[in-house]
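Every heavy atom of this structure was used, including side-chain atoms; hydrogens, water molecules and symmetry mates were not. Residue numbers start from 1 in every chain, and the chains themselves are labelled A, B, ... in the order their sequence lines are given, proteins ahead of strands.
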There are 2 protein chains.
Amino acid sequence: MRKLPSAARLARIRERFASEAGVSVADLAREFGVSEMTIRRDLSQLEGQSHIHRTHGGAVLTGRMLLEFDYRDRREANRDAKQAIAREARKLVKPGQRLILDNGTTTLELACLLRDGENLTVITPSLAVASELLDAPGVEVILLGGVIRRGSPDLTGPVTEHCLELFSADITFQGTDGIGLDGKLYNADLRLARVEKHMRRIAKRAVVLADHTKIGRTALACSGKLSDIDTLITDRAASAEALRRLSKLGVRTVTV
Amino acid sequence: MRKLPSAARLARIRERFASEAGVSVADLAREFGVSEMTIRRDLSQLEGQSHIHRTHGGAVLTGRMLLEFDYRDRREANRDAKQAIAREARKLVKPGQRLILDNGTTTLELACLLRDGENLTVITPSLAVASELLDAPGVEVILLGGVIRRGSPDLTGPVTEHCLELFSADITFQGTDGIGLDGKLYNADLRLARVEKHMRRIAKRAVVLADHTKIGRTALACSGKLSDIDTLITDRAASAEALRRLSKLGVRTVTV
DNA sequence: GTACAAATGTTAGAAATTGTTCGTTTAGTC
DNA sequence: GACTAAACGAACAATTTCTAACATTTGTAC
């Protein structure tokens, strides 16, 4: 086979995707008579413009699956603890309640457990939570409006706060990026911190879900004090010393 | 069988579920020419994305996956015409504009074409549109709040209407379920019809995207009159007779 | 031809995927 | 409940693929 100019090769690779969902580096290299390295470079370039995603061994079309609000990577971190915390939180939910589920991977785990809920209403700014509960028969999902933060599938900003004003709820389940030993709740994003404050205002009861890595950490924005919340659920790996200090601040703490 | 990159194998396993409700590890291993252990790992991964549920010897489908397939089918229907219409609509968009993109598969195709937009703001009640534009660098996505309709990934209801009040826009791009020859726009869902009316009120210009199958059809709810909109974009397959009648009603009609 | 830039090839070490083995769990049967 | 065969998961080994750096070739303008 005669070698083609690079642009033509790129175009032909693109055409491949019209008929096949995935291509392999080795095949393309053989087919075009170039080295695998060149194909890899081509695919990297295409990944920027086209709807393909590079993988080990080749590339696949993306956008074929809807609602891929991609939390997968972060979701793996410390997942066992998060699931245990979510199971504990699930016990607080009774049929017929109106819940608020904040952004975050731990609340997402809780969302999974609510799929079999009865007559629940879930209000959330998280696209991942919404997508998880989309087809749950006993759950009505109300998504708050707002600006989508780049790189994170959730909603924040004035619109979100404005939407929240329209509701009231029985319980708000929130994550956090850090709980200082001074009893303050921290969040890495200022806008999220504001939204969380609003949530607590309209809910009868506030529950914070935080694995032990969050305890003793601080972050940019303070979203409130521990005394603003009713229950903190964390995991056993949290240091006893830290837990003692927190419970002195008056918050009911559950460890799982 | 030629080996595909691992992600392609995952995609094909997923596709299996479109036709069959369950799969077996042994079958898949034989079919793809890999070890059973690899298939188990694949299935675990898919389960983590909550598309399926693992069982002994294989895996079965969950509800969420069904929804995704259903939407995909609708998207495929008449796709060429929809893409051509979307390309025509794309030409109306200038850098810096604020757009409203309604629900629907045709507007979703338009969203794909807006990924390279410059300094655009897209306001939408459609989770699919939001998901498509999530990572587009030149596009800010504002998702409207609202209740998620079961079986369709989009938002409607009073909250959605309330959110719309907060904005104004340059152009609203809408789909429709039917355009009667009496010059009325129809929609199969009453709540969606109301939302569409609101959209037109806050946008300077209203553009309706409808492939020829929509022309001459009616549906449950009337969302307005053709005279409320500025431009109708449809495809050549629309009957000349019908187009003549519509243009008499005063709407600028573009056929592609 | 020379010079320069762009594209491609090569290599080696790092990373990811896959295969294999083996002890444990599960589902079904008696 | 006990037994059995199939299926499972963890750990390790083998294989494949990736990235990055540098070397080489190709293309183009002077």
Side-chain angles (χ1 to χ4, degrees), chain A residues 1-17 20-62 65 68 70-84 87 109 112, chain B residues 1-17 20-62:
Chain A
M1 136 155 307
R2 205 177 66 253
K3 280 191 186 173
L4 294 165
S6 62
R9 194 182 52 238
L10 282 177
R12 302 234 338 226
I13 292 175
R14 234 196 295 253
E15 281 168 25
R16 267 301 189 86
F17 284 102
E20 291 172 54
V23 298
S24 91
V25 172
D27 284 354
L28 290 175
R30 195 156 358 99
E31 186 172 328
F32 293 110
V34 297
S35 74
E36 299 196 344
M37 191 66 230
T38 302
I39 297 296
R40 284 191 197 103
R41 281 189 271 241
D42 288 347
L43 293 178
S44 297
Q45 205 179 327
L46 285 176
E47 186 174 35
Q49 336 159 347
S50 201
H51 277 199
I52 71 168
H53 177 69
R54 289 205 54 198
T55 63
H56 258 251
V60 292
L61 267 184
T62 62
M65 206 46 94
E68 291 244 327
D70 205 337
Y71 255 113
R72 260 164 275 158
D73 295 340
R74 269 195 293 157
R75 199 170 169 181
E76 290 310 322
N78 219 0
R79 188 163 181 188
D80 286 345
K82 286 174 179 168
Q83 285 181 333
R87 274 193 299 275
E109 295 293 348
C112 298
Chain B
M1 138 150 308
R2 205 178 66 251
K3 275 195 187 174
L4 289 167
S6 61
R9 193 183 51 238
L10 282 179
R12 304 244 325 235
I13 292 175
R14 268 198 288 241
E15 275 166 28
R16 264 302 188 86
F17 286 102
E20 294 165 52
V23 297
S24 91
V25 171
D27 285 354
L28 290 174
R30 196 155 356 99
E31 183 172 330
F32 292 110
V34 296
S35 74
E36 299 197 346
M37 191 65 225
T38 301
I39 297 295
R40 282 190 201 104
R41 280 189 273 238
D42 288 347
L43 293 177
S44 297
Q45 208 178 327
L46 287 175
E47 184 175 41
Q49 299 163 219
S50 67
H51 294 127
I52 61 169
H53 178 67
R54 292 202 54 192
T55 60
H56 251 257
V60 294
L61 199 55
T62 64

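- At a threshold of 4.5 Å between non-hydrogen side-chain atoms, the residues A:R9 and A:T38 count as touching.
- If one axis is set at each end of the helix from C:dG1-D:dC30 to C:dC30-D:dG1 from five pairs, those axes are 40° apart, to 10°.
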- Task: Assess whether side chain to side chain contact (heavy atoms under 4.5 Å, CB included) is satisfied between B:F32 and B:D42, documenting all intermediate values.
- Result: CA-CA 12 Å; B:F32 292 110; B:D42 288 347; over 6 Å; no
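- The two residues A:L10 and A:Q45 have their closest heavy-atom pair at CD1-NE2, 3.7 Å.
- One interatomic measurement links the two molecules: CE of A:M37 to C1' of D:dA21, which rounds to 10 Å at whole-angstrom precision.
- Nucleotide D:dC18 holds its C1' atom 16 Å from the CG atom of A:D42, rounded to whole Å.
- Rounding to the nearest 0.5 Å places CD of B:E36 at 11.0 Å from CG of B:L43.
- Atoms CG and CD1, on B:D27 and B:I39 in that order, are 10.0 Å from each other to the nearest 0.5 Å.
- In this structure, B:F32 places its CZ atom 17 Å from P of C:dT17, rounding to the nearest Å.
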Might you list the N or O atoms of the protein lying below 3.5 Å from N or O atoms in nucleotides 4-7 of chain D, with each pair's distance?
unit_1 : atom_1 : unit_2 : atom_2 : d
D:dA7  : O3'    : B:G57  : N      : 3.1

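- For C:dT18, the OP1/OP2 oxygens have no side-chain nitrogen or oxygen of B:S35 closer than 4.0 Å.
- Taking the side-chain hydrogen bond (donor to acceptor under 3.5 Å, both in side chains) definition, one finds that B:R41 meets it with nothing, sequence neighbours left out.
- In this structure, the CD atom of A:Q45 is 15 Å from the P atom of D:dT19, given to the nearest Å.
- A donor-acceptor distance shorter than 3.5 angstrom exists from the side chain of A:S44 to the backbone of A:R40, with no hydrogens or angles considered.
- Taking 4.0 angstrom as the limit, B:R9 places a side-chain polar atom (N or O) nearer than this to OP1 or OP2 of C:dT18.
- Whole-Å rounding puts the A:H53 NE2 to D:dC18 P distance at 12 Å.
- The heavy-atom pair separating A:V23 from A:F17 by the smallest distance is CG2-CZ, 3.6 Å.
- Within the model, atoms NZ of A:K82 and CD of A:E109 stand 8.0 Å from one another, a figure rounded to the nearest 0.5 Å.
- Put simply, CG on A:L43 is 16 Å from P on C:dA7, counting in whole angstrom units.
- For the pair A:I39 CD1 and C:dA7 C1', the interatomic distance rounds to 13 Å; values are reported in whole Å.
- Contact of B:R41 with D:dG9 (side chain to base): no donor-acceptor pair of N or O atoms is detected under 3.5 Å.
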